[in-house]
Number of protein chains: 2
Amino acid sequence: MPGAKLDPIDRKILAELQADGRMTNVELAKRVGISAPPCLRRVRTLEESGFISGYHARVNERELGFEVQVFAMVGLHSQAEVDLSAFEQRCRDWPLVRECHMLNGEIDFILKCVAPDLSTFQRFLTEELTAAENVASVKTSLVIRCAKDEPGVPFDVLEDRYARLG
Amino acid sequence: MPGAKLDPIDRKILAELQADGRMTNVELAKRVGISAPPCLRRVRTLEESGFISGYHARVNERELGFEVQVFAMVGLHSQAEVDLSAFEQRCRDWPLVRECHMLNGEIDFILKCVAPDLSTFQRFLTEELTAAENVASVKTSLVIRCAKDEPGVPFDVLEDRYARLG
DNA sequence: CCAGATTGCGCAATATTCTTTCGCATCTGC
DNA sequence: GCAGATGCGAAAGAATATTGCGCAATCTGG
């Protein structure tokens, strides 16, 4: 039963830190309605138990010079576990690949890639990704614009469920 | 020229905060090789200029009870700007949709969705997404497993480019 | 080549926050 | 009831954030 050990205060802490990861502990404590020391203890517990896996600054990719974002749908020849793992390891080694998800259906993997410009991406696509062992097909789609990019999960939905189910 | 105003110290700051958004300012200053006050001033400037758009705790989705992650490829009937915007606004209103990217090619949008369970997602898919105005086709793929999920951009690539181009 | 302006650093002092310790209340199972 | 466990909050000391200021290096326009 996932999340069973979390009380409403813990979930509020997670929601607040997901929205603002640099909030001071005193501010966080004020928002969740307890004093600072127990609040900090809860945060540490959440970190150690893996509910919080890290904190990250979100940087403006375009402004930093990464003008190109691409989704790549990849099909493999072999779906044997050893071959899947080998491809995943290759993705982890490619810095331009930021995300790699294994999917069901006809597509085996979806990759989210970034690059400074189109030619850099094209070079990666033709010389690395398409050329990689066991890769059968690659279909790419350029991101025209991003309408929504929310981190993490919708805690509202979670609270609704807890309210309904107990 | 994006990122032109950033010197190597600024880029190092961004890289460090992207990797660990809760690093203390003194630790950050130590790592980038300057003292704390100017380091904090740089961080504030980076925040105000939009290079840093926010800080977020990354939460463990599965452990929190969001067992299902899905990529949805959406095609629309009309690609007129007003219709595109209307669909994007709908995506922003759906809490289960975490990301919404407009793409080139035959697929108009790719959506990253989360849900507590399959039936919740199926209900959203049939009653909300597929049923939405102007939606022509929806193809969904369940995420089996995630091999890589790195936030932001690869600063190594950026440094290589700066080293090569000046 | 040289004032004057600008920029950015580091030191020092203050304010805020973090973190630990400890005592107390509440809950739980027997 | 009652012992043990759990979790809270107050207080104090340590670490950190933040501000003000003087100084050096780099530009800029004579």
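Lettering of chains follows the sequences in order, A, B, ..., and the numbering in each one begins at 1.
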remark   = Taking D/dT18, C/dC9, D/dG7 as options, the one with an atom nearest any side-chain atom of B/Asn25 is D/dT18
ask   = Taking NZ, NE, NH1 and NH2 as the nitrogens, is one of them in A/Glu48 or A/Arg44 under 4.0 Å from a carboxylate oxygen of the other?
value = no
message = Looking only at the side chain of A/Arg41 (C-beta and beyond, no hydrogens), which of the listed nucleotides C/dG10, D/dG9, D/dT16 gets closest?
response = D/dG9
task = Fit a plane to each ring of B/Trp94 and B/Phe124, take the angle between them on a 0 to 90° scale, and name the class: parallel (under 30°), tilted (30 to 60°) or perpendicular (over 60°).
result = perpendicular
query = When all nucleic acid strands are considered with a 4.0 Å heavy-atom cut-off, which category describes A/Ser35: base, sugar-phosphate, or nothing?
reply = base
inquiry  = Measuring to OP1 and OP2 of D/dC8, would you say a side-chain N or O of A/Arg42 lies under 4.0 angstrom away?
reply    = yes
note = Residue pair A/Pro38/A/Arg22 against DNA chain D: nearer the 5' end by closest nucleotide is A/Pro38
key: d(CD1, B/Ile9; P, C/dC9) in whole Å   = 6 Å
message = Assuming nearest nucleotide by heavy-atom distance, tell me which of A/Leu40 and B/Gly33 is located more 5' along DNA chain C.
response = B/Gly33
task = Report yes if a side-chain nitrogen or oxygen of B/Arg44 is closer than 4.0 Å to either non-bridging phosphate oxygen (OP1 or OP2) of D/dA17; otherwise report no.
result = no
key: Between B/Asp83 and B/Gln79: side-chain donor-acceptor atoms closer than 3.5 Å   = no
Closest nucleotide among C/dC11, C/dT17, C/dC9 to the A/Thr24 side chain = C/dT17
query = From D/dT18, C/dC18, D/dA17, pick the nucleotide closest to the side chain of B/Val26?
reply = D/dA17
Carboxylate-amine/guanidinium proximity below 4.0 Å for A/Lys139 and B/Glu106 = yes
